[in-house]
Q: 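Structure provided below as structure tokens; questions to follow.
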Number of protein chains: 2
Amino acid sequence: MDTDERIALAMAELLRKQGYAATGINQLARAAGAPTGSLYHHFKGGKREIAAAALRQTGAAYIQLLPLLLDAHDDLAAGIEALFAQAAEDMRDTGWANMCPVGTVTAETADTEPELREVAAEVMGTWVETGSRYFTTRGLAETDSRTVVFAVLSALEGAFVLARGLRSAEPFHAAGRTIKTYVASLCTEQPKTPTRARAQSGKRTGT
Amino acid sequence: MDTDERIALAMAELLRKQGYAATGINQLARAAGAPTGSLYHHFKGGKREIAAAALRQTGAAYIQLLPLLLDAHDDLAAGIEALFAQAAEDMRDTGWANMCPVGTVTAETADTEPELREVAAEVMGTWVETGSRYFTTRGLAETDSRTVVFAVLSALEGAFVLARGLRSAEPFHAAGRTIKTYVASLCTEQPKTPTRARAQSGKRTGT
DNA sequence: GTCTATAAAGGGATAGAC
DNA sequence: GTCTATCCCTTTATAGAC
């Protein structure tokens with residue numbers, strides 16, 4: 001691993017534990033095993049550019065996990081539930097550290113660091129596109145794929161935060177169960193005509 | 001509104017836009033219309049104590065919204081969807097500011113500020129308990145109520161972050177739709193319990 | 001209680017030797 | 001490319017006048 005990657009990796013590690021503002025250059029230099037001058041040699045943009053690289057790096061790594069975890073399950077709905085269970089396990093094993101620096105940094109800096117927000121949007125956009133394409137290959141309609149991706153990502157990011165605060169895996173299990181149910185309902189309702197007329201209210205969810 | 005509340009409110013406003021570490025005492029003093037010395041007079045614990053007060057304040061305010069928004073819908077599932085639509089609208093109207101400082105601060109400081117993590121856990125715990133009780137009054141079984149609360153909170157917190165980064169309401173609509181489907185499946189799959197008691201005259205909006 | 005001035009410490013970034 | 005020393009600025013917190 002070259003120096004650039006090592007620095008970005010150390011930054012990612014700090015970002016998900018402390019966020020962007022609380023992470024200092026000196027602390028990063030210690031964590032990366034490089035003096036401050038070296039940091040600015042590799043990243044002329046300083047702290048901000050290192051954080052951007054860290055977000056892109058972890059973003060690319062995370063999206064690979066989706067097919068990796070879901071391909072193991074023939075039943076897509078069951079796979080979703082397993083994915084959340086896996087995330088819960090990882091959280092607990094790492095002492096309830098936030099698994100996703102992208103979420104933390106976005107929440108923190110979207111209004112104050114436009115450059116970082118754009119990087120976060122770019123990463124999240126990749127997640128949505130890649131994930132959407134994957135779910136389509138698993139048999140979901142395109143609009144359903146997009147809905148599922150957004151639901152999974154939202155639930156994951158939120159569960160990270162709740163689990164981190166409460167030190168409990170319950171958010172993951174609850175989120176996993178609800179989305180599993182939704183995906184299962186899509187698979188059984190293959191016929192185009194919406195037969196889901198059980199609930200009485202109109203389903204105009206347009207826009 | 002007395003000075004304590006005004007300071008805590010200004011802090012909450014800054015927390016959800018910038019998070020904890022990036023918010024300075026001087027900036028807070030300007031926002032609250034009080035000099036720094038006054039801040040330390042009202043909150044001897046300084047920045048940390050003000051943040052704690054801000055989290056408790058917004059936590060208490062937010063949980064009141066749950067019955068307020070859901071009581072308007074006889075169909076609980078439809079109410080859930082409307083709740084997410086409302087959150088999406090608020091986000092857009094506020095220029096995609098993060099709606100929940102509790103989530104931001106938790107993600108940021110859970111490992112570095114034990115006091116704030118405990119306050120966040122206390123607030124989230126109140127959300128879960130209060131919300132769970134509410135869903136029970138709407139006819140859900142106790143275990144289902146707990147699942148729904150965790151799912152709603154996770155999806156909301158995550159959608160806040162994704163929407164903030166992408167500047168899009170899509171995460172809310174997707175999350176709302178999935179949980180709506182889950183709640184609807186609970187209501188129709190309840191043969192043993194006598195038909196779900198819709199919100200009859202008595203609006204149990206208890207403490 | 002309100003406000004000003006300042007202390008003590010740490011931040012990001014840079015220059016320049018090696 | 002690596003590392004050290006330093007500049008300048010901001011931070012939190014406090015002391016003490018009003």
Q: Would you say A:Lys17 has more than 12 foreign heavy atoms packed within less than 6.0 Å of its NZ?
A: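 Count not over threshold, so no.
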Q: Do you know which of A:His73, A:Lys180, A:Arg177 makes side-chain hydrogen bond (donor to acceptor under 3.5 Å, both in side chains) with A:Glu81?
A: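 For A:Glu81, the side-chain hydrogen bond (donor to acceptor under 3.5 Å, both in side chains) test succeeds with only one of A:His73, A:Lys180, A:Arg177, which is A:Lys180.
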Q: Per the side-chain hydrogen bond (donor to acceptor under 3.5 Å, both in side chains) rule, which among B:Arg16, B:Arg164, B:Gln18 passes with A:Asp111?
A: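 Single side-chain hydrogen bond (donor to acceptor under 3.5 Å, both in side chains) partner of A:Asp111 among B:Arg16, B:Arg164, B:Gln18: B:Arg164.
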Q: Could you check how far CZ of A:Phe43 sits from P of C:dA13, rounded to whole Å?
A: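 After rounding, the gap between these two atoms is 13 Å.
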Q: Of A:Thr106, A:Val128, A:Leu153, A:Val102, which meets side-chain contact (heavy atoms from CB on, under 4.5 Å) against B:Leu162?
A: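 Filter result, single survivor: A:Leu153.
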Q: Please identify the 5'-most and 3'-most nucleotides of DNA chain D with any atom under 4.0 angstrom from a heavy atom of chain A.
A: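 Going 5' to 3' along DNA chain D, contacts run D:dG1 to D:dA5.
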Q: Could you check which residues of residues 4-32 of chain A get a heavy atom under 4.0 Å from DNA chain D? Sort them by number, please.
A: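 Heavy-atom cutoff 4.0 Å gives no residues at all.
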Q: How long is the line joining CD of A:Glu49 and P of C:dA13, in whole Å?
A: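 About 11 Å, once rounded to whole Å.
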Q: Measure from the side-chain N and O atoms of B:Ser154 to the backbone N and O of B:Ala151, and report whether any donor-acceptor pair falls under 3.5 Å.
A: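 Looks like no, no N/O pair under 3.5 Å.
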Q: Should the ring pair B:Phe84 and B:Phe172 be called parallel, tilted or perpendicular, given that the plane angle runs from 0 to 90° and is split at 30 and 60?
A: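 Tilted.
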Q: If you count the non-hydrogen atoms of other residues, nucleotides and ligands that lie under 6.0 Å from CD in A:Glu115, is the total more than 12?
A: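 Not more than 12 within 6.0 Å, no.
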Q: For A:Asp74, I'd like to know if atom CG has over 12 heavy atoms of other residues, nucleotides or ligands within 6.0 Å.
A: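 Atom CG in A:Asp74 is not crowded, with 12 or fewer foreign heavy atoms closer than 6.0 Å.
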Q: Rounded to the nearest angstrom, tell me the gap between atom OH in B:Tyr40 and atom P in C:dA5.
A: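 Whole-Å distance recorded here is 18 Å.
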